[in-house]
Asker: 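Have a look at the structure that comes next, please.
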Amino acid sequence: MAGRRRGRCGGGVEVLESIYSVVALVLILVACVELGDAATAVDVYRLIQYDLAGVPYGSRFGGLNHHAGAFPFAPGADFSRTVVMMPVRELNFTFLREYIINKQQLGGLLFLLPQKVSKKIVGEIKSKDDGLMRKILVELEQLLIHASIPYPVYFAFEDDKINALLADVRRSDATGQPATATTGGYKLVVSSPEPKKLSSPTITNIQGWLPGLKGDGDTNQLPTIAVVAPYDTFGAAPALSVGSDGNGSGVVALLEIARLFSRLYSNPKTRGRYNLLFGLTSGGPYNYNGTLKWLRSFDQRLRESIDYAICLNSIGSWNNELWIHVSKPPENAYIKQVHESLSDVAKEQGVTIGIKHKKINISDPRVAWEHEQFSRLRITAVTLSELSAAPELLKNTGGLYDTRDSVDEAAVYRSIRLIAESLARHIYGYQGRNIQIFADNSSLAVNPSYVKSWLDLLSRTPRVGPFLSKTDPIISALKKELSDHTVEVHLQHEMIDGMFSFYDSTRATLYIYQVASVAFDLLLLLVLGSYLILLFSFLVITTRGLDDLINMFRRPPSRKVKAS
């Protein structure tokens, strides 16, 4: 009897082990099926998240795990667990404003940006619709960066995979069966930790000198002319904010002007009696915060030696007119001199130079132009720009629309010639004389290849200041380039104004899964359950007999029966 009980006990253990093995195998197979449904992985770029004076702006979350949906939708539908895919070409601002301004709930937003097949540059579409696309992107960006959005917002580039996904989602929506947990469809997943505030974001200024030539026995300090351009950007997607025109064009112009004058200043016979100071500043979008800290680092003698500064901002897409923006009255001697010098050269080139005077309100924290930071410290300065009016805060600083195709190389070339010729005539005393120092086809001509190569590089390089480390490759490249043409080049690292706070997580990988409906899952569960019951019955019958199987399902006798 004992042996028989042991045999039965051993058979039961074998049955249970067999069942456990089968269940484990089935679970593994189901898991493999689920994980094997990943359709594709896509690079996505997160909407910026920042605080301005403690007020939150931008997208406040990074993680994403919801079904995909596409506009247009059935009225009254619930999108709180839906990622809305919206091609920028077909943007519906009525829908966007309703959900963003009125803070209605969405699972997330995925904007699909156009691109060329060969280059991953936003909006690079050469067609008659370029102006419309730019207008859409400008409006979209301003809407997004000035709102606090309580769900994840990402940008992705259109490609064959994304377009096929969008078409599939739209077909499902058109049948009246949008993707949900019950109907299945596509699930969009971004697995990333929640964004964290950048603890100590820095901005870096880059400075270089071309010292002038003193005469014999001259002990006085030489006057200085400064050429300045902010190099950093700001946009709705920090990982895409390249700012080809604002202010890549200004940076390229400064580097080429430094290169041209370095050739003149390398020979004592052609070195001018002016020091030239070149500054590539950071913090431009944030009230030119880096410029202010750079100027405050100057000693009193240097500040007093600066005759004037020319700040370059967005000079890469103009046709016939540039603007000089000033804080001091146009009648000021230095302002008048700069204006007349630039105007004389402009007339020879067949273009015009306008002048705009805007007084500074000291009590206003908003700094509209870079030259205003010079003026606040009583240094004469002007800003040269294609913009006729000061942009609003965080506008025209390198947004989604400001890409390589928005810059006209000929415009940058004209700007460089204009500035370099006017500076040279002032330095060498040739005002009012039609002398072409940087004439085409001369040894001092502007180099189109140099201009193009730097425009191309800057148009591939996002430069949002707080996300650039002190040793970022673009900072190193700018420092090296300035070192090749000037002397005493050094970096100045500063903390960004505490008024602005930024959060990390600017790019991620979006995983797209094709998921089955709940009905399919229930059917699969029913089939698997039936299979396991049959398998269990078969194993019990073959190892212990039919009677044991039947006894398993019999109701056990009550305690009263046992007691009797």
Side-chain angles (χ1 to χ4, degrees), residues 48-52 196-210 224 226-235 238-239 241-243 246-248 250-251 254-255 258 276-303 306 309 311-313 365 367 370-374 376-377 379 381 394 397-398 454 457-458 461-506:
I48 194 164
Q49 179 179 349
Y50 70 103
D51 300 337
L52 178 56
K196 296 179 181 178
K197 185 181 291 188
L198 298 177
S199 57
S200 302
T202 59
I203 49 179
T204 301
N205 299 314
I206 310 170
Q207 172 187 301
W209 276 94
L210 279 177
T224 300
V227 182
V228 187
Y231 67 85
D232 59 342
T233 60
F234 178 92
S241 184
V242 297
N247 192 35
V251 172
L254 182 145
L255 293 175
L276 290 177
L277 171 63
F278 296 93
L280 290 169
T281 58
S282 186
Y286 324 114
N287 290 325
Y288 300 97
N289 190 239
T291 306
L292 176 62
K293 294 181 177 180
W294 179 55
L295 293 175
R296 284 178 173 170
S297 71
F298 293 175
D299 61 38
Q300 189 64 27
R301 290 185 62 204
L302 174 55
R303 287 188 200 171
I306 298 177
C311 306
L312 310 179
N313 191 325
V367 180
E370 187 169 26
H371 73 265
E372 293 182 7
Q373 293 289 24
F374 286 82
R376 288 168 186 252
L377 296 177
I379 302 173
L394 304 179
T397 53
W454 270 100
L457 174 62
L458 293 173
T461 311
R463 302 183 305 283
V464 179
F467 297 100
L468 298 177
S469 67
K470 296 178 181 179
T471 57
D472 193 272
I474 190 61
I475 293 177
S476 300
L478 291 171
K479 180 188 176 185
K480 181 182 182 304
E481 191 62 30
L482 209 55
S483 299
D484 290 343
H485 310 310
T486 62
V487 298
E488 299 179 30
V489 176
H490 74 269
L491 304 181
Q492 178 193 20
H493 303 294
E494 295 285 350
M495 297 290 293
I496 197 168
D497 192 327
M499 183 179 180
F500 294 88
S501 300
F502 296 87
Y503 294 75
D504 61 9
S505 183
T506 61

Asker: Can you name the side chain to side chain donor-acceptor pair (under 3.5 Å) partners of Tyr50, sequence neighbours left out?
Answerer: none
Asker: Are any non-hydrogen side-chain atoms of Tyr231 and Leu458 less than 4.5 angstrom apart?
Answerer: no
Asker: Compare every heavy atom of Gly243 with every heavy atom of Arg463, then report the nearest pair and how far apart it is.
Answerer: NH2-O, 3.3 Å
Asker: Could you measure the distance from the CD atom of Glu481 to the NZ atom of Lys479? Nearest 0.5 Å is fine.
Answerer: 14.0 Å
Asker: What heavy-atom pair brings Gly250 and Leu312 nearest, and what distance separates the two atoms?
Answerer: O-CD1, 3.8 Å
Asker: Can you tell me if Arg376 has over 12 outside heavy atoms packed within less than 6.0 Å of its CZ?
Answerer: yes
Asker: Quick one: do the Glu370 and Thr291 side chains pair a donor with an acceptor below 3.5 Å?
Answerer: yes
Asker: Name all pairs fulfilling the ring-ring contact (aromatic ring centres under 6.0 Å, His included) condition that reach into residues 479-501, sequence neighbours left out, sorted by first residue then second.
Answerer: Tyr286-Phe500
Asker: Got a donor-acceptor contact below 3.5 angstrom from the Asn287 side chain to the Val367 backbone?
Answerer: yes
Asker: What's the spacing between Leu478 CG and Thr204 OG1 if we round to 0.5 Å?
Answerer: 10.5 Å
Asker: Might you point out which heavy atoms bring Asn205 and Thr281 nearest each other, and give the distance in Å?
Answerer: OD1-CA, 3.3 Å
Asker: Can you name the closest pair of heavy atoms from Gly208 and Val489 and give their distance?
Answerer: CA-CG2, 4.0 Å
Asker: Distance check, rounded to the nearest 0.5 Å: Leu377 atom CG versus Leu295 atom CG?
Answerer: 5.5 Å
Asker: Looking only at heavy atoms, what is the nearest atom pair of Ala229 and Asn247, with distance?
Answerer: CB-ND2, 3.8 Å
Asker: Quick check against the 3.5 Å criterion: does Asn289 have a side-chain atom that pairs as donor or acceptor with the backbone of Asp497?
Answerer: yes
Asker: Given side chains that start at C-beta, do those of Tyr288 and Val228 come closer than 4.5 Å, heavy atoms only?
Answerer: no
Asker: Under the criterion side chain to side chain contact (heavy atoms under 4.5 Å, CB included), which of Leu276, Thr486, Leu277 is the partner of Trp209?
Answerer: Leu277
Asker: Show your reasoning for whether side-chain contact (heavy atoms from CB on, under 4.5 Å) applies to Phe467 and Asp472.
Answerer: CA-CA 9 Å; Phe467 297 100; Asp472 193 272; over 6 Å; no
Asker: Looking at Gly284 and Pro230, what are the two nearest heavy atoms and their distance?
Answerer: CA-CB, 4.1 Å
Asker: I need the Ile474 CD1 to Asp232 CG distance, nearest 0.5 Å.
Answerer: 11.5 Å
Asker: Got a second to check how far Ile206's CD1 is from Ile475's CD1, nearest 0.5 Å?
Answerer: 6.0 Å
Asker: Without swapping roles, check the side chain of Lys293 against the backbone of Met495 for a donor-acceptor pair under 3.5 Å.
Answerer: yes
Asker: Of Thr506, Val242, Thr397, Thr233, which meets side chain to side chain contact (heavy atoms under 4.5 Å, CB included) against Val464?
Answerer: Thr233
Asker: Report the distance from atom CG of Asp504 to atom NZ of Lys197, rounding to the nearest 0.5 Å.
Answerer: 12.0 Å
